[in-house]
2 protein chains.
Amino acid sequence: MNSQAIKAAPKRKTREEILGLSADLFARHGYDGVSMRDVAAAVGLTQAALYYHFSDKDQLYLDAVAYDFREKDDALKDMLASNSTPWVRLERFVAGLAQMMVTDRDFLRLLHWVLLDSDEVRQSTLAKDVFGGMFVAVYDLAHELDPNRDAHLLAMSIFGLVIFHFQAGAIRKFMPGYSPSQDNPEVLARHICDLLRWSLTSPSGDAH
Amino acid sequence: MNSQAIKAAPKRKTREEILGLSADLFARHGYDGVSMRDVAAAVGLTQAALYYHFSDKDQLYLDAVAYDFREKDDALKDMLASNSTPWVRLERFVAGLAQMMVTDRDFLRLLHWVLLDSDEVRQSTLAKDVFGGMFVAVYDLAHELDPNRDAHLLAMSIFGLVIFHFQAGAIRKFMPGYSPSQDNPEVLARHICDLLRWSLTSPSGDAH
DNA sequence: GTCTATATAAGGATAGAC
DNA sequence: GTCTATCCTTATATAGAC
């Protein structure tokens with residue numbers, strides 16, 4: 001009925017189960033905050049078994065992050081790929097990204113840890129594997145929105161506007177002007193798109 | 001001749017030395033990534049001595065972060081306080097914040113860890129002690145820039161535009177359109193202020 | 001593939017001398 | 001105020017049985 005029939009890929013599942021569960025843990029507590037014991041307990045194995053699947057903790061971490069981001073990356077790229085106008089695609093992407101931040105808290109958390117990682121090799125690997133495709137899509141969109149601006153900076157700004165809002169989510173609540181409605185992805189998306197739109201479509205902006 | 005000679009403020013220095021040095025360590029490696037042994041070694045004391053000054057690791061961390069941010073908070077508020085026009089103050093603040101991100105890498109790192117902290121109590125404490133004043137200043141500025149927008153969201157966006165750029169600094173280098181000049185605080189500040197300015201001053205922005 | 005058992009290091013924290 | 005010495009827990013990783 002299904003692919004590998006009964007016998008061909010018998011235990012490949014364990015590896016993916018480890019990846020999924022450890023990604024959750026790393027998202028919540030970071031590399032140093034998660035022990036191999038924690039992972040083993042979550043999966044329902046002993047510590048030693050993990051070393052059958054992964055050479056060491058570093059490798060497990062790297063694979064887990066890549067595993068977790070892959071699917072989100074695909075979803076986000078889908079939001080950008082269509083033949084609507086650039087502004088419609090932007091609106092959909094921003095709302096979709098914001099929604100994703102709300103729906104899956106771990107997405108933001110894991111992203112956070114990745115950005116924070118001080119290991120250069122891990123970062124370059126993840127940058128390409130995980131963010132490369134998504135960034136390029138937004139980068140192209142940025143160029144469409146305003147060919148006269150630095151598309152790289154503009155793309156970064158788009159990400160920053162959405163992501164930072166949620167990064168600061170926990171402390172935002174203690175700041176003046178806070179309203180729970182701001183946690184609504186639609187409200188945020190509206191704010192951001194307005195901010196960009198009345199900027200980028202600016203008619204006769206003069207010298208600068 | 002040295003130390004104890006004066007008598008007035010004999011050993012208060014040690015505590016501050018611990019705070020300064022441990023702040024560096026926490027900035028670089030986070031709470032879990034720093035051991036009391038690490039701190040002790042950096043300061044030149046033994047582990048046990050730390051427990052004379054701080055009840056436990058949590059308290060040391062909390063005090064160290066607050067200690068480190070206090071001075072930056074003051075500097076940033078100064079940039080916002082003047083009687084120039086709002087746009088001039090914005091430009092100065094953005095450039096100043098960006099410069100600070102470049103000059104003191106630990107500032108960003110520590111901020112990062114604070115945002116990530118999963119401990120609610122620690123977060124509310126730090127939110128008020130550390131960011132409260134700075135946020136209010138930007139919040140007020142945001143209201144001046146455009147009284148018709150949600151000042152809270154706008155203030156957050158201003159922070160996000162600057163901060164995220166540097167958060168993503170390490171992976172940005174692997175993305176298309178990257179240029180070293182974008183690491184220049186002046187260039188970034190120009191980009192951000194343009195983005196906001198041609199937006200917020202938008203003349204006849206119609207319905208939305 | 002997964003287990004038990006264990007080696008070995010590093011972690012937070014305390015007691016008591018000075 | 002700081003030290004030495006130590007306790008106890010937790011950590012990564014391996015060896016070898018099943």
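Quick note on labels: first sequence line is chain A, next is B, and so on, each numbered from 1.
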| query | Counting side-chain heavy atoms from CB outward, which of D:dT14, C:dA13, D:dG1 is closest to A:Ala48? | reply | D:dT14
| Closest nucleotide among D:dT2, C:dC3, D:dA13 to the A:Asp56 side chain | D:dA13
| task | Evaluate whether atom CD of B:Glu186 has more than 12 neighbouring non-hydrogen atoms of other residues, nucleotides or ligands under 6.0 angstrom away. | result | no
Whole Å only: how far is the [atom1] atom of [X] from the [atom2] atom of [N]?
X	N	atom1	atom2	answer
B:Gln47	C:dG12	CD	P	7 Å
B:Leu60	C:dA13	CG	P	10 Å
B:Met36	D:dT2	CE	P	14 Å
B:Gln59	C:dA13	CD	P	12 Å
A:Asp32	D:dT12	CG	P	9 Å
A:Lys57	D:dA11	NZ	C1'	8 Å
B:Asp38	C:dA9	CG	P	17 Å
B:Glu17	D:dG1	CD	P	14 Å

| So, do A:Tyr61 and A:Asp58 sit near enough that their side-chain heavy atoms are less than 4.5 Å apart? | no
| request: State, yes or no, whether a side-chain contact exists between B:Leu188 and B:Gln182 at a heavy-atom distance under 4.5 Å. | output: no
| Aromatic ring proximity B:Phe69/B:Phe107, centre distance under 6.0 Å | yes
| query | NA contact type, B:Val43, heavy-atom cut-off 4.0 Å: base, sugar-phosphate, or nothing? | reply | nothing
| said: Counting the atoms with a prime plus P, OP1 and OP2 as sugar-phosphate, which does A:Thr46 contact under 4.0 Å by heavy atoms, base, sugar-phosphate, or nothing? | reply: base
| Is it the case that A:Arg172 and A:His165 place a side-chain donor and acceptor less than 3.5 Å from each other? | yes
| note | Judged by nearest nucleotide, the residue sitting upstream toward the 5' end of DNA chain C, A:Arg37 or A:Gly44, is A:Gly44
| query | B:Ser35 side chain N/O closer than 4.0 Å to the phosphate oxygens (OP1, OP2) of C:dA10? | reply | no
| said: I want to check one thing: is the phosphate of C:dG1, taken as OP1 and OP2, less than 4.0 Å away from some side-chain N or O of A:Tyr52? | reply: yes
